[in-house]
Amino acid sequence: MALPIKEIKKYNFYPSLRARACRVWIAKFNGQPRSFNCVFVDNQGGAIQGLAKARDLQTFASIIIEGNHYEIERFYTYENIAANTVTAHDAVIDLKSDTKITAIEPIQPYVPRYYFNFIDYAHIITKSKGSRILTDVLGRLKALQPLEQVMVRGQMLENKREFMLENTHGEELRITLWGDSARDFDEFALRNLPSPVIIAFAGFHVTEFKGNLNFHLIFFLKKIFQIFIANRTNSSFILLKKKFYSQGKPNLKGTAASLWYFNPDIPECSTYTQFFAQVPIEIQQIPSSPNAVLSIEKQIKENRRTIREILCMNPYEHKHLRFTCQALIVEFDFPNGWWYPSCPKCNKKLSGGENNYTCMDHNAITSLPVPWFRLECIVTDGEDVANFLLFGKIAESFFGSSAHHYVYDKKFIDPLVIPPAMAAKLNKSMIFQLRFRDFRSTTNRCEIIITNIFDDTTNKNIHPLETPPTEAKSSTRSETSTPLSSKKQVLIGPCTSQNTVTQFRIAPNSLETPSQNISPNKETSLNYKARRTLDFEAIAQQISHEDECGNAIEAQGNLGNIDTSDTFNHLLLPLKKQRKTSSSSSKEN
DNA sequence: CCCCCCCC
C-alpha cells in the first residue's frame, strides 16, 4: 500500500513516496536562487511541498521536472511553518543530498498535471486576504502594464508590472509582480500566443487595496445617518456603507513561490477559451502609474518649482501633477499634535476618545490604536514660505521611526511635545516631492502634500533607517544609507523671521519616561504593519548586512534599462484575436 | 513594497 500524502506527519521518516511533481519553482531572494521547491501530488487528494536548500538546489532542479512522476526514497519531514506556503499540509519534505529521487511511470489512477486551487474573484478577500496559504486564480489577460519602477517605502526603486485579469462574469482582478519576476516576465512568449490568452497565476499573496471612497459623500452620508438614527453605534452605518461601496479591491502580489501558466490544459481554461471566442479581444495596455519613476536622479529634478511658483499654481488644475521643490523646514506646525491615534486596520483617525475609540470604517477597534504621524512643515526656499503636509509612511521614513515607536517604546506620548530626533530634521536642505491634495476645501487652500523627501546634499533618498543624532550609533550603518547627520548641511539664507525652533516643545530627554496612559505590555497585540519600522537600532543592525549584500545595489543597477511604452505597444500589436487555442503552457521563475 | 491613511 502506497503512502498517502495526507497521512504524512511532520518530524518523521518515510522510506518511500510515489507522487507527481505538479509544481516546480526556484525561490529567489534579491536575484539569488535560495531554494528548490516542488509540490508532490497523489491521487488521494494529497499535496505536499518538497524543499531543497541552496546547496542541493541544482541537483534537484536537474532531476525533478514539473509534470513528471517520481519515487522519493528515504526522506524526513519537518513542520510547514513558512510565512507563505503553497500547500496547507502540516509537513514539508526535506530534500537532501541523501534523498533518492527516481523517475517512475505515471501513477494510476491519474493525477492531474496541474495543482491549482482557484478562488472566485468575488471571494478572494474573504477567503484569502492575509492568508499564509497562497492563492491561485484563473482569468483572461485583459490588460498588461509595461515594466516600470516605483519608489517603495520612500526608500528604493523596485520593478513592478501589473496585469488585469477578467473572468467570464466580466469581473476584473489586479495582479502585481515585483522585483525579479516583474523584470523576467516574458512578453515575447505572450506575443506568440493567439487570443484570448488565459493565464493561471499560482502562489500569490492577497492584499486589499483601500476602496476609493469619496470622503465628501461619506461624511455627508454619515451626518444624515446620525441625524435620523441617533444614539446608535455606527455599525449600522458601516453596513449601509458597505452596501453602497465595495470595501476595497483585492490585489494579488507575487511571491517567491509565484508561477504563471499561459493557456494551461485544464477544463476551466476551455470554458474561458470558449466564452471569449465569441467576441474579438485584444490585450489592452495599462498606462504607467502616476508614481512610476525612471531614476532617483530624474525624480529629484522632476518639475522643479520654487515655492512662489507652487503657491501660484491652481491645485485643481494640477491635481495629478507631481513636482519637486528644494527647501528647508524651519518649523513644524501641529496644533492638533504630531500624531493621532489611528485605526489599526486603515489608519484613519479614531474618534470617541481613549476609552471608546471608534473607527469610522471599522467601528470599535480590537487592538490598541496605532499612533500615526500628521504634521505640517513650514518650509522656505530662501524667497518664500509655504506649509507642506507630512504624514503616514513618508513621515516614518523621514524621521527614521514610526510614530508608534516614539509613542509606545520611547514614551513620547504627549502629541504636543515633539521628540528631539524629529526636531533635528530642521534647517537642512531637502528636495521635496509634492502633490496637491485632492480635496476642495471651503475654508483653506488646498494642502500641499509631501510624497517623498530626498537629501539635497547627496541627491539620494533619505534613508528611513537613519539613526537620529540624539541616539547616535554609527557602527552598524549600511553602506547604502545616507545619513543626513554626517553630511555637510547647505543652509539657505533665512527669510522668515526665525529659523530656529521656538514654536513647539521638544521633549527634554529621550530616555525620560513621562507619565503614561498606554500600557506597554499590550504591545504583542499590536498589528504587525505598524510595528515594522519600529526600532531603528535593532533594524539597522539587522538590515545593514543585507544591504551590503546587494539589496540596494541591485536597485541602483536596474536604473538604466527600463522598458518604454513604445516598445510595449510594438510588442502587443501582433496580439490580435485568433481562433486557435494554444495548449502550450509556459512558465517562469 | 505601489493605492489610502489626516483635515472639513
Side-chain angles (χ1 to χ4, degrees), chain A residues 30 145 147-162 174-182 205 207-220 222-223 245-256 286-293 320 322 333-351 359-362 369-376 387-397 402-404 415 435-452 464 527-530 532-533 551-552 555:
Chain A
N30 289 336
Q145 190 181 45
L147 182 66
E148 66 182 28
Q149 299 206 311
V150 295
M151 187 65 66
V152 295
R153 293 197 274 270
Q155 176 185 358
M156 60 174 181
L157 289 173
E158 187 60 283
N159 292 319
K160 172 169 127 7
R161 187 201 286 278
E162 291 202 356
R174 182 175 148 169
I175 315 280
T176 309
L177 292 183
W178 289 94
D180 297 327
S181 55
H205 186 77
T207 57
E208 182 181 0
F209 267 26
K210 301 282 183 268
N212 209 5
L213 300 186
N214 183 318
F215 188 87
H216 270 110
L217 199 50
I218 292 297
F219 191 77
F220 175 76
K222 183 161 188 181
K223 286 289 169 214
Y245 305 93
S246 64
Q247 53 197 123
K249 292 180 174 173
N251 181 238
L252 269 62
K253 189 182 67 161
T255 68
I286 301 173
S288 295
S289 315
N291 52 350
V293 293
H320 304 293
R322 191 176 57 188
D333 192 15
F334 44 95
N336 300 317
W338 55 272
W339 66 277
Y340 65 91
S342 83
C343 169
K345 287 182 181 157
C346 68
N347 295 116
K348 281 182 184 160
K349 189 179 184 183
L350 295 168
S351 56
C359 172
M360 187 171 149
D361 287 353
H362 299 96
V370 175
W372 208 243
F373 282 116
R374 184 195 189 276
L375 68 167
E376 296 209 18
N387 279 32
F388 294 165
L389 181 59
L390 179 62
F391 64 85
K393 293 276 177 237
I394 306 300
E396 280 186 12
S397 294
S402 62
H404 178 282
R435 68 178 170 88
F436 289 110
R437 175 161 209 75
D438 184 16
F439 170 73
R440 185 175 277 275
S441 168
T442 50
T443 51
N444 305 316
R445 74 160 287 125
C446 238
E447 280 157 333
I448 304 159
I449 295 170
I450 299 174
T451 58
N452 224 327
N527 93 335
Y528 169 72
K529 206 169 157 186
R532 267 192 302 106
T533 43
N551 194 351

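No experiment lies behind these values; they were computed from the predicted model shown. Below, read A as the first sequence line, B as the second, and so on, with proteins coming before strands; counting in each chain starts at 1.
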message = Below the 4.0 Å mark, does B:dC1 have OP1 or OP2 next to a side-chain nitrogen or oxygen of A:Lys160?
response = no
request  = Answer with base, sugar-phosphate or nothing: what part of the nucleic acid does A:Asn251 contact at a heavy-atom distance below 4.0 Å?
outcome  = base
inquiry  = Considering every strand and a 4.0 Å limit on heavy-atom distances, what is the contact class for A:Tyr340: base, sugar-phosphate, or nothing?
reply    = sugar-phosphate
key: side chain to side chain contact (heavy atoms under 4.5 Å, CB included) against A:Asn387, all qualifying residues, sequence neighbours excluded   = A:Asp333, A:Glu376, A:Ile378
ask   = Going by modelled atom types, is there a donor-acceptor pair between the base of B:dC5 and the side chain of A:Trp372 at under 3.5 Å?
value = yes
request  = For A:Arg174, enumerate each residue passing the side chain to side chain donor-acceptor pair (under 3.5 Å) test, keeping only those at least two apart in sequence or located in another chain.
outcome  = A:Glu162
query = Within the modelled atom types, does a donor on one side and an acceptor on the other bring the side chain of A:Asn347 and the base of B:dC4 under 3.5 Å apart?
reply = no
remark   = Side-chain contact check for A:Arg435: nearest option of B:dC1, B:dC4, B:dC7 is B:dC4
CZ on A:Arg161 to CG on A:Leu147, rounded to 0.5 Å = 5.0 Å
message = I need the CG-C1' distance between A:Leu350 and B:dC5, as an integer number of Å.
response = 11 Å
Gap between atoms CD1 and P, on A:Ile394 and B:dC5 respectively (whole Å) = 14 Å
task = Examine the base of B:dC3 for any acceptor or donor lying under 3.5 Å from a partner atom in the side chain of A:Arg174, and report the outcome as yes or no.
result = no
request  = Quick one: stems involving DNA chain B, counted as three or more successive Watson-Crick or G-U pairs, both distances short of 3.5 Å.
outcome  = none
request  = Rounded off to whole Å, could you give me the CD-to-P distance for the A:Glu447 and B:dC5 pair?
outcome  = 12 Å
task = May I have the distance from A:Trp339 (atom CH2) to B:dC7 (atom C1'), rounded to whole angstrom?
result = 18 Å
remark   = Taken to the nearest whole Å, CZ/A:Arg161 to C1'/B:dC2 is 15 Å
ask   = Within this structure, what is the CG-to-P distance between A:Asn452 and B:dC1, rounded to whole angstrom?
value = 17 Å
Inter-residue atom distance A:Gln149.CD - A:Leu157.CG, 0.5 Å rounding = 5.5 Å
message = How long is the straight-line distance from CG of A:Asn452 back to CZ of A:Arg435, given to the nearest 0.5 Å?
response = 12.0 Å
request  = Taking only the side-chain heavy atoms of A:Lys253 (C-beta and beyond), determine which of B:dC7, B:dC2, B:dC1 contains the nearest atom.
outcome  = B:dC1
ask   = Any idea which heavy atoms bring A:Leu350 and A:Pro369 closest together, and the distance?
value = CD1-CB, 3.4 Å
request  = Could you check how far NZ of A:Lys393 sits from C1' of B:dC5, rounded to whole Å?
outcome  = 9 Å
query = May A:Phe209 be described as stacking on the base of B:dC3, applying a 5.5 Å centroid limit and a 30° limit on plane angle?
reply = yes
query = Rounded to the nearest Å, what distance is computed from the CG atom of residue A:Leu390 to the P atom of nucleotide B:dC7?
reply = 15 Å
ask   = What residues form a side chain to side chain contact (heavy atoms under 4.5 Å, CB included) with A:Arg374, not counting sequence neighbours?
value = A:Tyr340, A:Leu389, A:Phe391, A:Glu447
